[in-house]
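Comments concern the structure below.
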There are 2 protein chains.
Amino acid sequence: MKLPKETKIHGRWYDDACGTAFALELVGERWSLLVMRELMLGPRRFSDLRASLPGISAKVLTERLAGLEASGVVLRETLPPPAAVQVYGLTEWGYRAEPIMQELGRWAAASPLHDPGLPLSSVSFMLSLRTMLDTARADGGSAAAGFGIGEDTFIARLANGEMPVRRESIDKVDFAFLARDAQVLVALFYGKVDPATLEAAGALEIRGDRAAAFAFVTLFALPSG
Amino acid sequence: MKLPKETKIHGRWYDDACGTAFALELVGERWSLLVMRELMLGPRRFSDLRASLPGISAKVLTERLAGLEASGVVLRETLPPPAAVQVYGLTEWGYRAEPIMQELGRWAAASPLHDPGLPLSSVSFMLSLRTMLDTARADGGSAAAGFGIGEDTFIARLANGEMPVRRESIDKVDFAFLARDAQVLVALFYGKVDPATLEAAGALEIRGDRAAAFAFVTLFALPSG
DNA sequence: CAGAATCCCATTCGATACTG
DNA sequence: CAGTATCGAATGGGATTCTG
């Protein structure tokens with residue numbers, strides 16, 4: 001006779017009261033943190049997530065979402081009619097995991113083995129901007145910067161040294177960067193490639209106040225050493 | 001004919017330039033971060049590591065150490081004679097991973113599911129002190145606090161709002177806490193259990209300047225909510 | 001299209017035994 | 001003590017299929 005195999009929160013790996021160990025039990029499985037990363041800028045649908053995470057299978061995504069939901073990190077909700085679609089979003093506590101990803105990224109960026117040539121999801125790029133914002137230089141400045149990356153649009157609103165980013169349509173911004181993919185923006189913001197070159201290649205379009213847009217780009221930089 | 005199967009850095013999981021994803025390729029395997037945690041306060045021997053990580057097998061520990069060495073996180077060295085034993089330590093870059101663990105711990109501590117009753121390694125406890133130091137209250141203060149936890153001894157040197165912790169014998173400190181295990185110190189520092197109770201139970205001994213020791217304890221607290 | 005269910009192979013893990 | 005070797009069991013994850 002088999003027990004009905006209750007939803008397990010994935011049984012206690014490390015017998016350890018350390019907060020780090022507990023966190024790893026919650027989000028230490030393969031893919032978990034990357035799923036959370038993709039939700040960090042707002043709820044998404046199952047297939048959006050799948051598309052943003054090259055290599056994840058439907059099964060694994062289902063499992064991770066279920067696990068994260070059981071852990072109180074993810075919330076599954078059905079949008080009100082007429083949309084009536086299912087979306088997954090982070091709980092308030094889930095959103096507070098952003099510093100974990102920032103520290104991981106900051107640390108890994110200092111590795112000599114890092115290959116920045118790989119593809120990048122639009123969310124990854126937008127989150128990296130938040131991490132790489134030079135708060136000293138940005139302080140006092142303010143701007144509403146639009147981003148169009150493939151099908152996705154975001155607005156980053158710089159004010160008081162903070163810069164929340166939201167998935168939002170980009171009308172009413174001071175300027176906007178429209179790019180085919182996130183790598184183009186990596187070249188622009190971190191590679192400091194000349195915008196004119198990218199525009200000439202048809203990979204980038206800058207709308208609105210171009211001077212302000214160029215100034216905005218200078219607020220971001222990879223850690224120096 | 002079989003290829004000699006070169007040391008693989010464990011082949012590319014996520015095809016993703018995001019720093020977070022890359023970090024997870026380096027240290028995202030089960031146990032990796034906990035091994036690093038145990039090395040965070042100084043080099044250890046294989047069997048010390050095994051003893052501090054309840055549940056890890058010799059095989060997995062060997063594999064993780066090799067992987068971390070290949071990634072440039074861990075360094076294997078042989079102590080000069082007459083000791084001549086093998087120890088594993090973090091590289092300079094490896095030590096810079098501490099904020100990752102702090103953020104993980106901080107975040108997980110806010111979970112309602114966290115069970116603080118589990119056993120805790122001495123390193124976990126000492127690292128938690130660094131995380132939970134109330135820098136506002138500690139600023140200006142200074143002290144050399146000794147800790148004896150089981151067989152391990154550490155000194156935490158508070159000065160200028162910083163508090164490095166080192167594996168070191170505890171003579172020449174202002175005061176020292178001697179405890180049977182880390183849980184006793186959790187009760188003292190975070191549970192705010194009366195020291196007298198713990199001493200009466202034979203679980204704790206406080207040496208040196210007791211008043212200063214009591215004041216020191218008040219500098220640490222779990223996040224309020 | 002969203003996602004649950006099944007199948008099956010590859011990998012990983014842990015226990016035990018063994019070695020310098 | 002510091003691992004290596006081997007083996008069986010558990011798990012993971014891709015592919016495919018099925019349902020609303």
Side-chain angles (χ1 to χ4, degrees), chain A residues 2-15 24-25 27-35 38-39 43-70 74-79 81-89 151, chain B residues 2 4-5 7-15 24-25 27-35 38-39 43-70 74-79 81-89 151:
Chain A
K2 283 165 88 175
L3 293 180
K5 189 191 264 192
E6 56 205 272
T7 309
K8 68 163 175 190
I9 215 168
H10 107 63
R12 209 40 85 270
W13 280 347
Y14 317 112
D15 246 354
L24 292 171
E25 291 186 353
V27 302
E29 284 181 303
R30 211 168 141 179
W31 292 110
S32 286
L33 269 170
L34 297 188
V35 171
E38 287 304 314
L39 297 178
R44 314 282 302 274
R45 305 174 55 160
F46 189 89
S47 36
D48 296 333
L49 288 172
R50 242 199 120 174
S52 307
L53 295 169
I56 199 171
S57 73
K59 181 190 185 186
V60 172
L61 181 53
T62 304
E63 285 171 356
R64 292 299 174 274
L65 287 169
L68 290 171
E69 190 179 3
V74 157
L75 225 50
R76 169 209 302 251
E77 34 191 340
T78 305
L79 255 36
V85 298
Q86 279 256 100
V87 295
Y88 296 88
E151 306 289 283
Chain B
K2 283 166 88 174
K5 187 190 262 190
T7 308
K8 71 161 173 192
I9 216 166
H10 107 62
R12 207 42 84 270
W13 277 348
Y14 318 112
D15 246 354
L24 292 172
E25 292 185 353
V27 301
E29 284 182 303
R30 209 168 144 182
W31 292 110
S32 285
L33 269 170
L34 297 188
V35 170
E38 287 303 315
L39 296 178
R44 316 279 305 273
R45 305 172 56 158
F46 189 90
S47 37
D48 297 333
L49 289 171
R50 239 198 123 175
S52 306
L53 296 169
I56 198 171
S57 71
K59 181 189 182 185
V60 173
L61 180 53
T62 303
E63 286 170 358
R64 291 302 172 272
L65 286 169
L68 291 171
E69 191 180 2
V74 157
L75 224 51
R76 171 208 300 251
E77 33 191 341
T78 305
L79 254 36
V85 298
Q86 279 256 104
V87 296
Y88 296 89
E151 306 289 283

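Computed from heavy atoms alone, side chains included, the values below leave out hydrogens, waters and symmetry copies.
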>> Using modelled atom types and a 3.5 Å cut-off, is there a donor and acceptor pairing between side-chain atoms of Thr62(B) and backbone atoms of Ala58(B)?
In response: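 Pair found, side chain donor or acceptor close to backbone of Ala58(B).
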
>> Would the distance check show the side chain of Arg64(A) and the main-chain N or O of Arg30(A) forming a donor-acceptor pair, the cut-off being under 3.5 Å?
In response: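 Between the backbone of Arg30(A) and the side chain of Arg64(A) there is a qualifying donor-acceptor contact (under 3.5 Å).
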
Rounded to the nearest Å, what distance is computed from the [atom1] atom of residue [X] to the [atom2] atom of nucleotide [N]?
{"X": "Ile56(B)", "N": "dC13(C)", "atom1": "CD1", "atom2": "C1'", "value": "11 Å"}
{"X": "Glu63(A)", "N": "dT11(D)", "atom1": "CD", "atom2": "P", "value": "12 Å"}
{"X": "Tyr88(B)", "N": "dA2(D)", "atom1": "OH", "atom2": "P", "value": "9 Å"}
{"X": "Arg30(B)", "N": "dC13(C)", "atom1": "CZ", "atom2": "C1'", "value": "7 Å"}
{"X": "Glu69(A)", "N": "dA4(C)", "atom1": "CD", "atom2": "P", "value": "10 Å"}
{"X": "Glu29(B)", "N": "dG12(D)", "atom1": "CD", "atom2": "C1'", "value": "13 Å"}
{"X": "Leu49(B)", "N": "dG3(D)", "atom1": "CG", "atom2": "C1'", "value": "13 Å"}
{"X": "Leu65(A)", "N": "dA4(C)", "atom1": "CG", "atom2": "P", "value": "9 Å"}

>> Here's a test of your reading of the structure: between Arg76(A) and Gly55(B), which maps to the more 5' nucleotide of DNA chain C?
In response: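 Nearest-nucleotide comparison on DNA chain C picks Arg76(A).
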
> Under 4.0 angstrom, heavy atoms only, what part of the nucleic acid is Arg64(B) near: base, sugar-phosphate, or nothing?
Replying inline: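 It contacts sugar-phosphate atoms only.
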
> Checking all strands, does Arg50(B) fall into the base, sugar-phosphate, or nothing category for heavy-atom contacts under 4.0 angstrom?
Replying inline: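 No contact.
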
From [options], pick the nucleotide closest to the side chain of [X]?
{"X": "Lys59(B)", "options": "dG3(D), dA15(C), dT6(C)", "value": "dA15(C)"}
{"X": "Arg45(B)", "options": "dG13(D), dC13(C), dC1(D)", "value": "dC1(D)"}
{"X": "Ala58(B)", "options": "dG3(C), dT4(D), dC13(C)", "value": "dT4(D)"}
{"X": "Val60(B)", "options": "dG14(D), dG3(D), dC13(C)", "value": "dC13(C)"}
{"X": "Ser57(A)", "options": "dC13(C), dG13(D), dG3(D)", "value": "dG13(D)"}

>> Just so I know, are the side chains of Phe46(B) and Leu49(B) near enough to count as touching, which here means a heavy-atom distance under 4.5 Å?
In response: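 No, side chains not in contact.
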
> Taking only side-chain nitrogens and oxygens of Gln86(B), does any of them come within less than 4.0 Å of OP1 or OP2 of dG3(D)?
Replying inline: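 For dG3(D), OP1/OP2 do have a side-chain N/O of Gln86(B) under 4.0 Å.
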
> Has Ser47(A) got a side-chain N or O lying under 4.0 Å from the OP1 or OP2 atom of dA2(C)?
Replying inline: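 For dA2(C), OP1/OP2 do have a side-chain N/O of Ser47(A) under 4.0 Å.
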
> Looking only at heavy atoms, what is the nearest atom pair of Glu25(A) and Tyr14(A), with distance?
Replying inline: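 Scanning both residues, the minimum pair turns out to be OE2-O, 2.6 Å.
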
>> Can you tell me how far apart CG (Leu53(B)) and CG (Asp48(B)) are? Round to the nearest 0.5 Å.
In response: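 Between atom CG of Leu53(B) and atom CG of Asp48(B) there are 10.5 Å.
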
